[in-house]
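Data first, discussion second: the structure below is written as structure tokens.
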Amino acid sequence: NTVMTDACAENAVPKTARREAVKMFDEYEDMMSAEEVSEALRIGHNTVYSLLNSGELKAFRCGKNWKIPRTAVERFVLEHSGLDRRSCNE
């Protein structure tokens with residue numbers, strides 16, 4: 001058995017918290033539009049386009065339209081919420 005250090009225990013995020021954070025996207029298809037991301041994250045369209053143009057939210061363009069993998073949105077949420085930290089036992 002691995003023993004958690006005090007620092008590790010403070011920063012560890014339970015797997016269930018990470019799973020719950022991404023479950024909110026289950027209703028969306030594997031590829032999302034900028035409008036769907038805006039709706040899912042409850043942020044403005046301009047904010048979504050800023051995230052896309054900066055590369056902070058990973059996606060690609062198909063003509064004039066953005067195609068955003070749902071996994072990229074999930075990863076973005078986990079990284080920005082602090083839920084991407086793994087427990088020391090993983």
task: Spell out, yes or no, whether Val73 and Phe60 are grouped together once hydrophobic residues are joined by side-chain heavy atoms under 4.5 Å, including indirect joins.
output: no
task: Could you tell me whether the side chain of Lys23 reaches within less than 4.5 Å of the side chain of Asp26, counting heavy atoms only?
output: yes
Extract all donor-acceptor atom pairs below 3.5 Å that involve side chains of residues 62-72 and protein atoms in other chains or at least two apart in sequence.
unit_1, atom_1, unit_2, atom_2, d
Arg70, NE, Glu74, OE2, 3.4
Arg70, NH1, Tyr28, O, 2.7

message: If you apply the rule side-chain contact (heavy atoms from CB on, under 4.5 Å), what do you find for Val37 with Phe25, and how did you get there?
response: CA-CA 10 Å; Val37 172; Phe25 302 111; over 6 Å; no
Check: residues 45-57 side-chain donor-acceptor pairs under 3.5 Å, at least two apart:
unit_1, atom_1, unit_2, atom_2, d
Tyr49, OH, Glu35, OE2, 3.2
Ser50, OG, Asn46, O, 3.1
Asn53, ND2, Tyr49, O, 3.0
Ser54, OG, Ser50, O, 3.2
Ser54, OG, Leu51, O, 3.1
Ser54, OG, Glu56, N, 3.2
Glu56, OE2, His80, NE2, 2.8

query: Which atoms form the tightest heavy-atom contact between Ser38 and Gly44, and what is the distance?
result: OG-C, 3.7 Å
